[in-house]
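The block underneath contains the structure these notes are about, expressed in structure tokens.
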Amino acid sequence: VRLVESGGGLVQAGGSLRLSCATSGNISSINAQGWYRQAPGERRSLVALIGIGGRTKYADSVQGRFTVSRDNAKNTVYLQMNNLKPEDTAVYYCNVRVQLGAGDGAYEYQYWGQGTQVTVSS
């Protein structure tokens, strides 16, 4: 299983970027896909998730500015980021949560991408 992110870069405040995460390999029983970010000196934190039924969850700081979506045919999840702010500067990581095992032995496993840098200048 491999997750490959793209779309990061340098943008001015108020600008937009779209991140993509292409998944390859044998993945089944996906519970959710999404994005986390980590700024220097800070812990990795959730940005946005999209579940099996399409239900989404966002960090309060990005609500209304970021949109997570996916294309199942392309095995790709996206993060559209609008009205970017300097505080959005971070390495963004793609995340895929899958269910492994069955019955009482079932558990969730998380795959991670290598990260893509997003830098927003003021």
Side-chain angles (χ1 to χ4, degrees):
V1 174
R2 187 177 180 211
L3 277 59
V4 179
E5 299 119 331
S6 60
L10 173 64
V11 64
Q12 289 188 332
S16 298
L17 285 174
R18 189 175 82 152
L19 305 183
S20 300
C21 174
T23 302
S24 61
N26 186 16
I27 288 188
S28 60
S29 301
I30 293 177
N31 288 341
Q33 299 165 276
W35 298 88
Y36 284 68
R37 68 186 181 188
Q38 186 170 18
E42 297 184 8
R43 298 176 62 180
R44 190 175 299 187
S45 61
L46 173 69
V47 176
L49 278 178
I50 182 166
I52 300 173
R55 188 169 68 176
T56 56
K57 178 180 179 179
Y58 296 94
D60 289 343
S61 60
V62 306
Q63 184 76 45
R65 299 188 297 123
F66 291 10
T67 302
V68 62
S69 62
R70 64 175 173 228
D71 184 332
N72 291 330
K74 296 181 178 180
N75 292 324
T76 301
V77 62
Y78 304 96
L79 184 67
Q80 178 66 44
M81 304 184 292
N82 298 329
N83 190 22
L84 282 159
K85 304 176 180 180
E87 50 264 42
D88 295 318
T89 295
V91 177
Y92 284 69
Y93 295 91
C94 179
N95 173 264
V96 176
R97 304 178 180 185
V98 301
Q99 181 168 316
L100 300 179
D104 293 341
Y107 63 99
E108 186 172 84
Y109 183 84
Q110 298 191 46
Y111 293 97
W112 295 92
Q114 81 285 356
T116 185
Q117 177 70 46
V118 171
T119 303
V120 185
S121 62
S122 57

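Heads up: numbering here begins at 1 and tracks the sequence. Every heavy atom of this structure was used, including side-chain atoms; hydrogens, water molecules and symmetry mates were not.
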Residue pair V47, L79: steps toward the side chain to side chain contact (heavy atoms under 4.5 Å, CB included) verdict: CA-CA 9 Å; V47 176; L79 184 67; 4.1 Å; yes

Check against side chain to side chain donor-acceptor pair (under 3.5 Å), E108 and N31: CA-CA 8 Å; E108 186 172 84; N31 288 341; 3.0 Å; yes

Candidate pair R37 and V62, rule side chain to side chain contact (heavy atoms under 4.5 Å, CB included), full reasoning: CA-CA 12 Å; R37 68 186 181 188; V62 306; 3.9 Å; yes

Full working for side chain to side chain contact (heavy atoms under 4.5 Å, CB included) between V118 and L17: CA-CA 9 Å; V118 171; L17 285 174; 3.9 Å; yes

Side chain to side chain contact (heavy atoms under 4.5 Å, CB included) assessment of L49 paired with R97: CA-CA 10 Å; L49 278 178; R97 304 178 180 185; 3.5 Å; yes

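Side-chain contact check for C94 versus Y111: every heavy-atom pair is 4.5 Å or farther apart. Within the 4.5 Å cutoff, the side chain of T76 has no heavy atoms near those of the T23 side chain. Side-chain atoms of Y107 and Q99, non-hydrogen and from C-beta on, never get closer than 4.5 Å to each other.
Closest approach of E5 to Q114, counting heavy atoms only: OE1-OE1, 2.8 Å. Of all heavy-atom pairs between R70 and I52, the closest is NH2-O, 2.7 Å. Closest approach of S122 and P86 over heavy atoms only: CB-CG, 3.9 Å. For the residue pair A39 and A90, the shortest heavy atom distance occurs at N-CB, 3.9 Å.
Tested against R65 for a side chain to side chain donor-acceptor pair (under 3.5 Å), the candidates D88, N83, N82 yield a single pass: D88.
Atom OG of S24 is separated from atom CG of N75 by 8.5 Å, given to the nearest 0.5 angstrom. To the nearest 0.5 Å, atom CG of residue L3 and atom CG of residue N95 are 8.0 Å apart. W35 CH2 to I50 CD1: the interatomic distance, rounded to the nearest 0.5 Å, is 12.5 Å. Here the OG-OH distance, from S45 to Y36, works out to 9.0 Å after rounding to the nearest 0.5 Å. Taking CD of Q80 as the start and OG of S16 as the end, the distance is 5.5 Å to the nearest 0.5 Å. Taken from OG1 in T89 to CG in L10, the straight-line distance is 8.5 Å, to the nearest 0.5 Å.
Inspection of the T119 and Q117 side chains reveals an N or O donor paired with an N or O acceptor under 3.5 Å.
Between Y92 and F66, the ring planes lie tilted relative to each other; the angle falls in the 30° to 60° range.
Both the sub-6.0 Å distance and the 45° axial angle are satisfied by R18 relative to the ring of Y78.
Between the Q33 side chain and the V77 main chain, no donor and acceptor come within less than 3.5 Å of each other.
L100 and V96 fall within a single hydrophobic cluster, where Ile, Leu, Val, Met, Phe, Trp and Tyr side chains are chained together by heavy-atom contacts under 4.5 Å.
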